[in-house]
2 protein chains.
Amino acid sequence: MSNNYRLHGRLWIEGPEGTFLGYGRVVLLERIREHGSISAAARSMEMSYRHAWKLVDSMNRQSLHPVVEKSTGGRFGGGARLTKAGDEAIDCFWSAYRDFKRFLIDRSRQLDL
Amino acid sequence: MSNNYRLHGRLWIEGPEGTFLGYGRVVLLERIREHGSISAAARSMEMSYRHAWKLVDSMNRQSLHPVVEKSTGGRFGGGARLTKAGDEAIDCFWSAYRDFKRFLIDRSRQLDL
DNA sequence: AAGCGTTATGCATGGGAAAATATAACGCAA
DNA sequence: TTGCGTTATATTTTCCCATGCATAACGCTT
C-alpha cells in the first residue's frame with residue numbers, strides 16, 4: 001500500500017509486418033501533417049530523415065490505404081501530406097493510448113507492495 | 001473493423017531507481033526460486049550471470065525488504081533463495097500483467113482501422 | 001541550363017546495451 | 001590444503017539500431 005511504485009508501460013498497434021503504429025510513429029505523422037514534408041518533420045523531432053522515411057514506408061506498406069502521400073520535385077522540392085487514413089490512424093492510436101494511460105493510473109492504485 | 005491489427009504492449013512496475021519489476025525480472029525470480037541460485041537461473045533462461053545479478057541487485061535495492069537472499073561458499077558454493085517479499089512481488093506483478101493482457105485483448109476489438 | 005529542396009536508397013559510422021571474459025572471495029568437503 | 005560452484009565486480013568484446021554521409025532522380029523556378 002505504498003505509493004513508491006507505479007505501473008508504466010508501452011503500447012503499440014501491431015500489423016502484418018510488425019509494429020504498425022506506436023507513440024513515435026504517430027508523433028511523426030502529426031509532424032508531417034504540420035510541416036508538409038518528411039524531412040522537415042524529422043528535423044523538428046531530431047530524427048534522421050533516413051529513419052523517418054523508413055517508418056513512413058513501414059506504415060504505408062501495412063495500411064490498407066497509405067497514411068502519407070508523397071511527391072518529389074516542384075517549386076519546393078516536393079513534400080508529404082497526410083491522407084484521411086493517416087488522420088484516422090492518429091485518432092485511433094491516441095484513443096487507445098488514452099485508455100492505456102487510464103488503465104496504468106487506475107491499476108497502479110491496486111498495487112500491493 | 002479489420003482484425004489485421006492488434007494492440008501490443010509492455011508493462012513494468014517502476015520504483016525509486018527506475019524499473020523495479022518487469023516480465024523478464026519476474027521470470028528470473030521464479031527461476032531463482034526453482035533452481036536455488038542466480039547462476040543456475042540465468043543459465044536456464046540463457047541470460048548472462050552478470051546481467052541476472054544486476055537485475056537481482058536492482059530489485060533488492062528498490063524493495064523495502066530484499067526479494068532474494070544470497071549466500072556464498074559452502075558445500076554447493078552458495079546460492080540464492082526467494083524471500084516472502086519475493087513471492088509477493090511475483091504475485092503482484094502477474095496480477096497486474098493478467099489485467100494488462102485482458103486490456104490489450106478487449107481494447108484490440110475496438111480498434112477501428 | 002543551372003539551382004533548389006524534396007523523396008529515395010545504399011553503405012559506412014557510432015553509441016549504448018548485453019554478453020563474454022577474467023578474477024577474487026567465500027565456505028564446506030574430501 | 002586443495003577443489004568446487006557459487007556470489008561479486010571490473011574490463012573487454014560483440015551486436016544491433018539509429019545516425020551520418022553520399023548519391024541520384026524529380027520537377028518547378030529563375
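Owing to the predicted nature of the structure, the values given are computational and were not obtained by experimental measurement. A, B, ... follow the sequence lines: proteins, then strands. Residue 1 opens every chain.
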Taking [atom1] in [X] as the centre, count heavy atoms belonging to other residues, nucleotides or ligands within less than 6.0 Å. Is the count above 12?
X: B/Arg10; atom1: CZ; answer: no
X: A/Arg6; atom1: CZ; answer: no
X: A/Arg81; atom1: CZ; answer: no

For residues 19-26 of chain B, which residues have at least one heavy atom under 4.0 Å from DNA chain D?
none

Heavy atom of residues 29-41 of chain B under 4.0 Å from DNA chain D: which residues?
B/Ser37, B/Ile38, B/Ser39

Go through B/Met59 and B/Leu29 one step at a time and tell me if the side chain to side chain contact (heavy atoms under 4.5 Å, CB included) criterion holds.
CA-CA 10 Å; B/Met59 290 187 272; B/Leu29 290 182; 3.8 Å; yes

Kindly state which residues belonging to residues 69-90 of chain B come within less than 4.0 angstrom of DNA chain C, counting heavy atoms of the residue only, listed by number.
B/Thr72, B/Gly73, B/Gly74, B/Arg75

Apply the test side chain to side chain contact (heavy atoms under 4.5 Å, CB included) to residues A/Val67 and A/Ile90: give CA-CA distance (whole Å), side-chain angles for both, the deciding distance (0.1 Å), then the verdict.
CA-CA 10 Å; A/Val67 292; A/Ile90 290 174; over 6 Å; no

Considering non-hydrogen atoms only, spot the tightest contact between [X] and [Y] and give its length.
X: B/Leu111; Y: A/Ala96; result: CD1-CB, 4.4 Å
X: A/Lys70; Y: A/Ala80; result: CG-CB, 4.0 Å
X: A/Val27; Y: A/Met45; result: CG1-CE, 3.8 Å
X: A/Ala52; Y: A/Ala42; result: CB-CB, 3.8 Å

Distance check, rounded to the nearest 0.5 Å: B/Trp53 atom CH2 versus B/Ile38 atom CD1?
8.5 Å

So do the side chains of [X] and [Y] get within less than 4.5 Å of each other, counting heavy atoms only?
X: A/Leu104; Y: A/His8; value: no
X: A/Asp112; Y: B/Cys92; value: yes
X: B/Lys54; Y: B/Ser58; value: no

For B/Phe100 and B/Trp12, what are the C-alpha separation, side-chain angles and deciding distance, and is it a ring pair (Phe, Tyr, Trp, His ring centres under 6.0 Å)?
CA-CA 10 Å; B/Phe100 178 52; B/Trp12 66 91; 9.6 Å; no

Can A/Ser95 and B/Arg107 be counted as having a side-chain donor-acceptor contact under 3.5 angstrom?
yes

To 10°, what angle do the rotation axes through the five end pairs on each side of the helix from C/dA1-D/dT30 to C/dA30-D/dT1 form?
30°

Side chain to side chain contact (heavy atoms under 4.5 Å, CB included) assessment of B/Phe20 paired with A/Asn4
CA-CA 10 Å; B/Phe20 171 48; A/Asn4 286 332; over 6 Å; no

For a side chain to side chain contact (heavy atoms under 4.5 Å, CB included) check, start with the C-alpha distance between B/Asp99 and A/Phe103, then their side-chain angles and the critical distance, and finish with the verdict.
CA-CA 9 Å; B/Asp99 290 348; A/Phe103 167 81; 4.0 Å; yes

Write down the protein N/O and nucleotide N/O pairs, taken from nucleotides 11-22 of chain D, whose separation is under 3.5 Å; answer none if there are no such pairs.
unit_1 : atom_1 : unit_2  : atom_2 : d
D/dT19 : OP2    : A/Ser48 : OG     : 3.0

Please list, in 5' to 3' order, the outermost nucleotides of DNA chain C lying under 4.0 Å from any heavy atom of chain B.
C/dA19 to C/dA29

